[in-house]
Protein chains: 2
Amino acid sequence: MANVTPSTVSRVMNDSKLVKPRTRQRVLEAVQSLGYVPSKAARMFKYGKSRIIGLVVSAQHISELIFNAGFQAQFKALTEKAHGVGYNILIITSADAHAESYFGVIKSQAADGFIIMSPYANEALASMLDDSGIPYIFNMKYSDRPEDVYFASSDDFEGGYIAAGHLLGLNHTDIRFIVGSVKGRLVSFNNERMRGFMQALSEYGIPFKEEMIVRIPGQPEESYDGIARFFRSEKPTALMISNEITAAAALNYFYDHGIRVPRDISVVGFGPSEYYRGLRPHLTHMNADIAWSSGRIVEMLLQRIEGEPIGIEPFKKPELVIRDSTARLE
Amino acid sequence: MANVTPSTVSRVMNDSKLVKPRTRQRVLEAVQSLGYVPSKAARMFKYGKSRIIGLVVSAQHISELIFNAGFQAQFKALTEKAHGVGYNILIITSADAHAESYFGVIKSQAADGFIIMSPYANEALASMLDDSGIPYIFNMKYSDRPEDVYFASSDDFEGGYIAAGHLLGLNHTDIRFIVGSVKGRLVSFNNERMRGFMQALSEYGIPFKEEMIVRIPGQPEESYDGIARFFRSEKPTALMISNEITAAAALNYFYDHGIRVPRDISVVGFGPSEYYRGLRPHLTHMNADIAWSSGRIVEMLLQRIEGEPIGIEPFKKPELVIRDSTARLE
DNA sequence: CTGTTAGCGCCTTCAG
DNA sequence: CTGAAGGCGCTAACAG
């Protein structure tokens, strides 16, 4: 229609200077009137890159991820950051959380890099991806090797340590740490928080006992019942609750049974302040800076994709936000 | 490595019968040991289809969408349904909610069909997509033309009508309908709910007044203040609250100011029951069946992509779930 | 400045 | 049963 060859059209579409203004004009008019848009698929094929970031979640854990209070903030931060630099996000699920399963879906996708939302550390997967030269970033510490720094998260050891220290400083000793678990297995950040918790206990000279760790499912449907079951037989003076949903469920249980917070029990939550602002009473909590970690994740991943050196700064120390749910034990 | 041509490998990868078992074996071994995976990009290019569904949101409205309580359930339902049939979901944002802006990003993507999360009706966009033969489904009624049935949502007119009828039946007449708005414009479902509200009023012989409609932002950061500002000067006996975040903010305001629900004020919410289960007091609400509509959206879209005839059933009537937040006005 | 050519990886003919 | 050839849409390199 513009009486030019595809090459010239290509040049126009790619803003090459090597086109006479008059020709460019003709081409643009034709493009306009035909509604022509270059085929994304052909471009991907030709360039070998898609400007797509794969967000990998295991199907087994997707509920856990999505119904986590931080998910919305995380999703927003990830997409906005990625879209800001011209990348789109593709949601990918693997059947389960094993390295092979992740690796299989990852290899078969046309994405330039992957964000792996894994519930557990997964050194094996990292090795496989390294071997294949596929850029990736995890949402948390995924390995114990010091050279494995391709993740960004809040420092969960510190979180557990600071939260426990806060309660211990208020004279609480009968503290329970409520954690979610998937098939009886602790997700990594709970392991870290637990280590921090134990560290604080030992500094205060309180012996750690197994029963201080209470496993209650973090899903909306099950949390409340789990809390109710626990309180049928136990009466601690303070709780640390690792999961926002469970924290909300606990508050609901207290509301329903006339248990006053913090007068009857002190509670510390973990997670984004934005979430806790919406609960009553307003919970004292360890704020995880989701916007920071999500932004960092995309940033690092893009650096890996572009082959640039990446800045190493995987952890951010969480902040204790004191609100209305913790009180000194007299 | 297997001493065969690419053609044969292709046949093996595609389970063609035209390969001698021994050859197939050799090829599979080579595939295994090389970790060969066919290029997704090349396949997309060749077939002209990507098995990707684009989820289109305007950048302006992404917060609103994500921080809506139904989003998590919706996201889960959409991804699980899509993944279940071998499609992945690509998150796409358009700069704004204008037809041209949506159309631009849609045309430039390598997706087989699009789910359009629009805050407003958008007949113009639908026409453009129809002209280009691009399959799409909206997340809500997007047009007044009876032939435009490419959407699935809860019936918001009924929602407003039933909710208002419930309060009117409890003798409330000083009812306010709190709706979110984006730049002063009502999102479509609020328009529908408002129409239902007015219909119920008129059946009860209560004159509608402009001030019954109260616009308060639905964002977490702004809702609480909006509620506080409203209650400085007003004292209705009942509220309908169109946005879950605002409903939670109102409950928090009541908690903070000693206002008892439902003794001092009755409240009806809108949105998924899963969400309201987590609030105290437990709100009476119109349940929107997110799982149904999300499932339906993907189903219809796939039917359009495959060129099958689509079942027409765009609306689901919402259900009044009576809990602890509404009481008879004596 | 513009046209011609070739090739990205895959799959589907068509030949043998 | 397997190989050879061609083309999907695009762009970079080369020629003019």
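Chain A is the first sequence line, chain B the second, and so forth, proteins listed ahead of strands; every chain is numbered from 1. Basis for what follows: all heavy atoms, side chains included, without hydrogens, waters or symmetry-related copies.
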Legend entry - Expected output: side-chain A/S94 to main-chain A/S101 donor-acceptor under 3.5 Å: no

Inset, instruction - Please answer whether the main-chain N or O of B/Y150 pairs with a side-chain N or O of B/Y136 as donor and acceptor at a distance below 3.5 Å. - result: no

Inset, instruction - Would you please indicate if the ring centroids of A/F75 and B/F71 are separated by under 6.0 Å? - result: yes

Inset, instruction - Treat primed atoms plus P, OP1 and OP2 as sugar-phosphate and everything else as base, then score nucleotides 7-16 of chain C 5' to 3': B for base contact with protein heavy atoms under 4.0 Å, S for sugar-phosphate contact only, - for none. - result: BBBBBBB---

Could you state the [atom1]-[atom2] distance from [X] to [N], rounded to the nearest angstrom?
{"X": "A/D15", "N": "D/dA12", "atom1": "CG", "atom2": "C1'", "value": "17 Å"}
{"X": "B/R26", "N": "D/dC1", "atom1": "CZ", "atom2": "P", "value": "14 Å"}
{"X": "A/K17", "N": "C/dT2", "atom1": "NZ", "atom2": "P", "value": "15 Å"}

Inset, instruction - Under 4.0 Å between any heavy atoms, over every strand shown, what does A/T5 touch: base, sugar-phosphate, or nothing? Just pick one. - result: base

Legend entry - Side-chain heavy-atom pair B/T8, B/T5 within 4.5 angstrom cut-off: yes

Inset, instruction - Would you mind reporting whether A/H61 and A/Y120 have side-chain heavy atoms less than 4.5 Å apart? - result: yes

Side-chain donor-acceptor contacts of residues 15-24 of chain A below 3.5 Å, not counting sequence neighbours, with atom names and distances?
from  : atom 1 : to    : atom 2 : distance (Å)
A/S16 : OG     : A/L18 : N      : 3.0
A/R24 : NH2    : A/S16 : O      : 2.6

Inset, instruction - Would you work out how much the helix from C/dC1-D/dG16 to C/dG16-D/dC1 bends between its ends, with each end axis defined by five base pairs, to 10 degrees? - result: 50°

Inset, instruction - Would you give the length of the straight line joining atom CD1 of A/I106 to atom CD1 of A/I134, rounded to the nearest 0.5 angstrom? - result: 6.5 Å

Legend entry - Interatomic distance, A/N88 atom CG to B/I52 atom CD1 [nearest 0.5 angstrom]: 9.5 Å

